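Since the structure comes first, as structure tokens, the remarks are kept for the end.
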Amino acid sequence: MEKRKKGTCLELRLMVVGSSGPSQFQLTNAILGREEFPKDTTSISGSRKILGELAGRRVALINAPNLYEKDISRVKRKVELRRSKCLSVPGPHAFLVAFDMEKISPNDMRTPQLMMNHFGRRCLRHCIVLLAYDGKSDGGNLESTVRNTDWPLRRMVEDFGGRFYIFNKDWRDRGRDRELLQKIERTVASLGGACFASGTFQKAERSVKKEEKRLMKEMAADNEKVWSELEKEYLSDELYRRKDAHTASVSAEIRAKAEVDNGWLRTSLARGVGSGVVVGAALGVLVGSIEGPGGMVLYGIIGGAVGASAGGAAQVATKHMEDRVAPPARLNFNSIFINRFFANPRP
């Protein structure tokens with residue numbers, strides 16, 4: 001059951017979502033005003049939380065692998081979707097769904113349904129469509145084109161409540177930062193200043209808090225040692241200032257660790273390894289049946305081991321959350337599909 005959590009927050013938590021390709025990473029760079037992702041980045045292997053500012057407002061941007069990313073397993077995708085929720089607890093104030101205006105594909109038209117499948121059926125109320133353009137065109141004219149022509153992109157925007165904005169792929173262009181921030185703030189304000197929360201976001205929050213408590217207990221002895229050392233060196237107000245600074249630093253470190261590694265994520269990985277064993281063993285038995293009963297046993301054992309390794313590979317991969325740069329996308333039907341409608345808009 002979805003619900004909204006009320007209350008204002010100085011920091012805007014924004015879940016940046018991409019269907020495929022580089023658009024969500026271009027949007028992240030455009031919001032932060034720096035090249036957080038290299039320009040040829042089309043996908044990442046692990047979810048990331050990046051802090052920065054947009055027109056003076058503090059923002060936390062959460063990026064997960066693209067919804068249509070083909071180079072990760074189902075288990076890996078599930079874990080990273082969960083991790084993205086943990087990184088944004090208690091929930092994002094808005095989902096920024098990014099597309100490249102020149103490379104919209106038929107698959108992209110399914111994005112609203114995928115968003116509801118992954119984040120909850122009410123998430124579309126918190127979504128804003130962000131359309132990337134190359135900066136050589138007039139952004140105002142492009143917005144008018146989206147609003148006033150009968151083409152698939154406009155119909156998809158309507159699925160997201162008609163909320164959209166056009167941003168320049170060149171992150172150095174800061175001319176419309178305030179306008180974009182106001183667009184996001186108006187969307188959040190229209191929902192009472194609430195962040196989005198669903199059952200899985202609530203589960204993520206509980207798991208993060210539980211992990212924080214575990215880590216705090218684990219570090220209690222070290223904290224006591226640090227406090228004892230501080231008491232030997234400082235007195236009165238300076239002592240309290242130092243203690244507060246240490247507590248804040250430790251709390252931030254613990255929170256960051258809990259967001260990327262907690263019981264909910266570990267359970268998902270463990271199930272992935274278990275599934276790998278079962279599937280691998282089944283395939284091994286099938287192959288081994290050709291060799292007779294002895295082969296079924298032998299290949300079943302081998303298949304189970306291979307399956308476990310495949311499932312375990314996802315666990316290893318999540319420990320290394322570095323960006324993976326994929327080859328540039330090929331020109332295909334995706335480009336032809338959108339160019340047909342964009343070059344010749346129907347009245």
Side-chain angles (χ1 to χ4, degrees), residues 7-19 21-42 44 47-64 66 84 87-88 91-104 111 115 123-147 153 156-157 160-196 323:
T8 58
C9 179
L10 291 177
E11 179 183 83
L12 275 176
R13 291 182 301 279
L14 306 174
M15 181 84 77
V16 185
V17 180
S19 173
S23 56
Q24 71 156 306
F25 312 114
Q26 293 168 343
L27 176 58
T28 299
N29 291 347
I31 291 174
L32 297 175
R34 63 178 186 261
E35 193 175 49
E36 189 68 36
F37 294 100
K39 64 181 180 180
D40 53 353
T41 301
T42 60
I44 55 174
S47 300
R48 290 185 56 184
K49 180 178 182 177
I50 309 168
L51 305 179
E53 287 190 357
L54 173 63
R57 180 82 184 264
R58 194 165 72 242
V59 295
L61 304 184
I62 297 89
N63 287 262
N66 285 321
S84 69
L87 289 169
S88 63
H93 292 96
F95 293 89
L96 306 183
V97 191
F99 301 96
D100 190 324
M101 289 194 71
E102 298 178 351
K103 296 179 181 177
I104 300 289
T111 302
M115 291 289 297
C123 74
L124 299 190
R125 300 171 62 198
H126 291 254
C127 288
I128 305 171
V129 173
L130 276 297
L131 303 171
Y133 75 104
D134 62 11
K136 298 175 184 177
S137 304
D138 185 322
N141 288 338
L142 294 175
E143 289 181 6
S144 178
T145 300
V146 174
R147 288 193 182 97
L153 176 58
M156 184 181 67
V157 168
F160 285 105
R163 293 175 298 275
F164 76 97
Y165 190 79
I166 295 179
F167 73 96
N168 194 335
K169 294 178 185 178
D170 184 359
W171 58 265
R172 297 173 185 83
D173 182 356
R174 317 307 309 152
R176 304 181 74 191
D177 282 7
R178 172 60 58 183
E179 194 176 333
L180 173 56
L181 176 61
Q182 290 174 345
K183 182 81 172 182
I184 296 170
E185 289 179 331
R186 280 196 296 269
T187 299
V188 175
S190 71
L191 296 165
C195 64
F196 176 78
D323 295 341

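Since we're looking at a predicted model, the values are computed, not measured. Residue indices begin at 1 and follow the sequence shown.
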Item to complete: Begin with the C-alpha distance, continue with both residues' side-chain angles, and end with the deciding distance and a verdict on side chain to side chain contact (heavy atoms under 4.5 Å, CB included) for F99 and T111.
Response: CA-CA 10 Å; F99 301 96; T111 302; 3.7 Å; yes
Worksheet item: What do the steps show when you test F167 against L27 for side chain to side chain contact (heavy atoms under 4.5 Å, CB included), and what is the final call?
Response: CA-CA 7 Å; F167 73 96; L27 176 58; 3.6 Å; yes
Discussion item. Please determine whether side chain to side chain contact (heavy atoms under 4.5 Å, CB included) holds for the pair Y165 and E179, giving the CA-CA distance in whole Å, both sets of side-chain angles, and the decisive distance to 0.1 Å.
Written reply: CA-CA 9 Å; Y165 190 79; E179 194 176 333; 3.3 Å; yes
Item to complete: Any chance you could lay out the side chain to side chain contact (heavy atoms under 4.5 Å, CB included) test for V17 and L96, step after step, and finish with the verdict?
Response: CA-CA 6 Å; V17 180; L96 306 183; over 6 Å; no
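Distance alone, capped at 3.5 Å, is enough to place a donor-acceptor pair between the R163 side chain and the C127 backbone. Side-chain atoms of E36 never come within 3.5 Å of backbone atoms of A30 as a donor-acceptor pair (strictly under, hydrogens ignored). R178 contributes no side-chain N or O that, together with a main-chain N or O of G175, makes up a donor-acceptor pair within less than 3.5 Å. Listed for the T41 side chain is no donor-acceptor partner under 3.5 Å among the backbone atoms of F37.
Minimum interatomic distance between S84 and M15 (heavy atoms only, all atoms of both residues): O-CE, 3.8 Å. Here the closest heavy-atom approach between residue I62 and residue L87 is recorded as CG1-O, 3.9 Å. Across C195 and G91, no two heavy atoms sit closer than the pair CB-O, 3.4 Å. Considering all non-hydrogen atoms of both residues, L54 and I31 come closest at CD1-O, 3.7 Å. Scanning all heavy atoms of the two residues, the minimum distance from N66 to Q24 falls at OD1-NE2, 2.9 Å. Considering all non-hydrogen atoms of both residues, L131 and M101 come closest at CB-CG, 3.5 Å.
We find the CZ-NZ distance between R176 and K183 to be 10.0 Å, quoted to the nearest 0.5 Å. One distance of note links SG of C123 with CE of M115; it measures 4.5 Å at 0.5 Å rounding. Interatomic distance, OG1 of T28 versus CD1 of I44, reported as 8.0 Å (0.5 Å rounding). R186 CZ to I128 CD1: the interatomic distance, rounded to the nearest 0.5 Å, is 9.0 Å. Interatomic distance, CH2 of W171 versus CD of E35, reported as 6.5 Å (0.5 Å rounding). Interatomic distance, L130 CG to Q26 CD, rounded to the nearest 0.5 Å: 11.5 Å.
Donor-acceptor pairing under 3.5 Å is lacking for the side chains of S23 and D100.
Every salt bridge (charged side-chain N to carboxylate O under 4.0 Å, His left out) that E185 has, sequence neighbours left out, goes to R57. Contacts of R147 classified as salt bridge (charged side-chain N to carboxylate O under 4.0 Å, His left out), with partners at least two apart in sequence or in another chain: E143. For N29, the side chain to side chain donor-acceptor pair (under 3.5 Å) test picks out no residue, with sequence neighbours left out.
Between F196 and H126, the ring planes are perpendicular. Angles over 60° get that label, and only those under 30° would be called parallel.
Ionic pairing of R58 and E53 is not present here: no N-O contact between side-chain nitrogen and carboxylate oxygen is shorter than 4.0 angstrom.
With contacts defined as side-chain heavy-atom distances shorter than 4.5 Å, the pair E102/D134 qualifies.
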